[in-house]
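Here's the structure we're looking at; comments come further down.
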Amino acid sequence: MARERFQCSICSREIAHPGVECPYCRAQAAIAEGATPRILIAVFAAMAAVFALTSLYTQSFKSLRSGRGEAHYVRASALLAQGLYEQAIREFRDALGFAREEPEYRLGLAQALFRAGRYSEAEAYLGQLRGADPTSGIVNLLLARLAAADGRVDEAVSHFRTAIRGQWEDGDAQRRLALRFELVQLLLDHDRRQQLTAELLDLEETLPDHRPTRHRVASLMLRVGLFGRASGLYRSLLYDDPADRVALLGRGDAEFELGNYLTARTQYNRAQALRRDGRTQQRVDLCNQILLLDPTRRGITLAERFRRSKVLLERARSALLACHNPAGDALVGPVPPPPGTLGEEIEAAERALTDPRARASVESVEANTGLAERIWSHVPQICGDEVPSDTPLLGVMAKLAR
Amino acid sequence: MRTIASALAHLSSMGRAGPVLDEPQRFLLLSIVIGIFSGLVVVCFHISLELLNWVTVHPPVHSSWYVLPLWPAAGGLAAYALVHFVVPTARGSSVNYTKAAVYASDGYISFRGVLGKFASCTLSIGTGNPMGPEDPSLQMGAGIASLLGRIFHLTRNHMRLIAPIGAAAGIGAAFNTPIAAVLFVMEEVVSAWNAGVLGSIVLASVSAVVVSRWFLGDSPLYTVPEIETGTYAGLLAYAAIGASGGTLSAVFTKRTVQLRGKVLNLRERTRVLLPALAGLLAGLAGLFAPEILGAGYQSVEGALHDRFPWGSMLALAALKLALTAVCFSFGTPGGLFAPTLFVGAMLGGGLGVIAQTLMPGSSGSVGAYVLVGIGAFFAGVFRAPMTSVFMVFELSASYTVILPVMIANTVAFFVARRLEPRSVFELTGLQDGLDLPSADTRRETPAMHVEDAMQRGRGRVAASGITVEQALGRLAESEERALLVELRYGTWRWIGERPVRRAAWMGEGETPLRDTQGLLPVVRTYPDVPLDQAMRQLAIYPVLPVTSRVNPNALVGTLTLGDVHRAYGILTTGPSVGGQA
């Protein structure tokens, strides 16, 4: 009887029996029959089993790993709090070695690197954290501080704004407010007036009922030049506590800058009544001097208004000539009048001041005041950076300019 | 009703042993299955490595100083013993083993070898030996693929291709770099661009990476800082790193292979002890430079973040290079990928800091030099320039550094090849008795095309108006005993000697050739067609018209089997190859 021949399904060489190992290619030889449903089911069942086993293994591994990572993280956090940044960095790195995915460890490392002054490395970690969660408040805050420390103000502002709007674990409104103040300080440090104004106005909208915060915002507004807003804020503070001396002084300053010298003097006087100090007294005296010089003040007679207009004109002319000829007329003889319209205006002022026929009238008051204003308008050109020392005159002119 | 009946019939037949999917479908499905299985196994391998590493190199409780050097020694010894006495199929280079499966054993890789590789490499790398887990992952993937191929009863051709598919899955999962995995397998394992297998390799690689990311997270291997590459003048520094990387890689390849050759000549009993000695050396070095222990990923990250002074980086590169060469030559199980990345990173970083000092205005950031160093050394050692570029891209997830990497890698590749023409895998393969093809050698051997063999002009073309007698005369001169007949412009037929002779015997000697019976259609070919493809047509047609691609009706020459023989130097008679008729 002829011996039956079998072939290896892999290498096609002759083998003794189906199902034995091929002596040539060592494959489990079988008659090729394709992938039967049984094979498919068996393979997928095996895959599910291996998947389940791998899941179990991974979970155990991750819990072990997180335990060891946590231990390093705790040590690192303690070192960071003690200001031992390099050691903290090492511990944070070890913690990350155990849990590369843990954002808290990465954040801790970034903080430690930032405090150690290793900005570029800190930024790399923060960049990754931001990639994973662009709305994270703390990450954006650190990025903002990094950018600010690096002089990248626009980037810092952008990160600050994201941090203010971003997610915070505790959702603390106080923290957002603190961030706003940090942003305002940054803008102030870099003299970003426009952005600062916008930020303060935005801040005013969401201001909590917290006196120190309101004080702070009002003071910042005063610094930026938002005098009307500052005055309003101080007024609201005084409404709650009329004996708030800081608010009285603040409102006084705001009103002074707005040209409301009477209101300013009132606020200063109230503050003085609470506690006297030299600086406030100087402000009161200045207010008085301005008020005595101001020809537009209500409640004075026409004659007094005319007199003040002439004094104003004279002081404006003198201030300008002082800049034009600082050495004085007497030493160098007659001073040539300034050229062009200014010369004509000076001459007109001299005529108005020496005209014996001049009488008090609304027209003459307005003419004198207008002439004084025109002469004063040349001050920046003639005097340059040298500001005239006549402070009451400055005050009145500022009010007239408004 | 008929549809329902046929569906029921199909369902009832499913319990039987008939094939459900055809071969290409099975192959694609299998690619995904291979990717998933490989990904799972590589995840387990990775976890096992880390767990052992925590116990040995980074113990939770501080241990005595002398314990650290003992761990790599013990790990090396245990791993070698396991491979030597229990699972010999897990021995040697994984890349060569997988290539051997493709070219020599019809895709067969022992699954026992996969288990052995898993266990032995966990023991050696997990205890701190300065080797990498990527090459073992490659073999594990290939072994799983081979097993599944056998289970699915793939044909011999598909079985040959299955190992590279698994290899891509394994390496992709290990590195978390799917593109580089595909490229490496195409460049180094398959050694050629094979469109038939590319789709399956990509599928397997992607599946494996998805599984790996599912379990281990999707963050890249390294955290890369903001990178600046510097000005165009600074590109010189990158080229210098490329040249240094290429030189060092050639030196590493030569010395490693030399040392390995000497080790292979030692007695078996002596060789068993060598991995322990290598581990002890590594452990002692690790007392002073713990960065060199294990795969060293964290240290590479440190270099990227400019954490080391340039002197330390160069010293670490030298130390790791020497220890890896010793461990690899002494037979410690583990791969060369991670050490290569480490050495490249430290070399690039060290030279980069020097470049920063010399060219302060035009240099880039240290991270850029580190990445360039990685690519350059990798290209030099593995002779896989495309893989090295994409690997750096995938590791850094940044395009910024691509131009310097391409420059440095190209320089490194050519310098390394100039100094040592063969790659480390090729040389170690030869030491192990495997003469496997490499992409490099294939690149060096240009393929022959029709234009290299064809006879130019119309010398073999007979006009359709010639008589049978004249045709007999032409045939007598023809070595192929066949004529190419042009019926009209752009239309050719061929005719053999027998029909012409029959026509003459029938008394049709003066009949024009076009009126005889026996004219047969012929296919045309083009000058750029590979010669092996044209030879398949020559098996049917004794003479082929070669026409122009831009005008397929215009004849530029003819091709016969004799021409092909001459082109290959088999025949020396007849007109010269590619000559004018």
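In what follows, chains carry the letters A, B, and so on, assigned in the order in which the sequence lines appear, proteins first and then strands, with residues in each chain numbered from 1.
- Here B:Val33 is the residue among B:Val33, B:Val43, B:Leu148 with the most heavy-atom pairs under 4.5 Å with chain A.
- If you measure heavy-atom distances from B:Arg307 to chain A, the contacts under 4.5 Å come from the side chain alone.
- Contacts of B:Leu40 with chain A are made by both backbone and side-chain atoms, with heavy-atom separations under 4.5 Å.
- Within the 4.5 angstrom heavy-atom criterion, no atom of A:Ser60 approaches chain B.
- Once rounded to the nearest 0.5 Å, the distance linking NE2 of B:His305 with CZ of A:Arg118 reads 10.5 Å.
- Here A:Met47 contributes atom CE and B:Ile32 contributes atom CD1; the two are 9.0 Å apart, rounded to the nearest 0.5 Å.
- Other residues, nucleotides and ligands contribute over 12 non-hydrogen atoms within 6.0 Å of the CD atom of A:Glu155.
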message = Assess the residue pair A:Thr58 and B:Trp214 against the criterion (side chain to side chain contact (heavy atoms under 4.5 Å, CB included)); give the C-alpha distance rounded to whole Å, side-chain angles, the decisive distance to 0.1 Å, and a yes or no.
response = CA-CA 10 Å; A:Thr58 312; B:Trp214 173 282; over 6 Å; no
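- Most heavy-atom pairs under 4.5 Å with chain A: of the set B:Ser146, B:Cys44, B:Gly217, this distinction falls to B:Cys44.
- To the nearest 0.5 Å, atom NZ of residue A:Lys62 and atom CG of residue B:Leu216 are 6.5 Å apart.
- Interface summary for chain A: among B:Ser365, B:Ser48, B:Gly107, the most heavy-atom pairs under 4.5 angstrom belong to B:Ser48.
- Of the inter-residue distances, the one linking A:Leu64 atom CG with B:Ile47 atom CD1 reads 10.5 Å to the nearest 0.5 angstrom.
- Residues from residues 125-147 of chain A that place a non-hydrogen atom less than 4.5 Å from a non-hydrogen atom of chain B comprise A:Tyr125, A:Gln128, given in numerical order.
- Using a 4.5 Å heavy-atom cutoff, the side chains of A:Phe61 and B:Phe215 are not in contact.
- Annotation: side chain of A:Leu40 is in contact with side chain of B:Leu29 (closest heavy-atom distance under 4.5 Å).
- Atom CD of A:Gln82 is surrounded by more than 12 heavy atoms from other residues, nucleotides or ligands within 6.0 Å.
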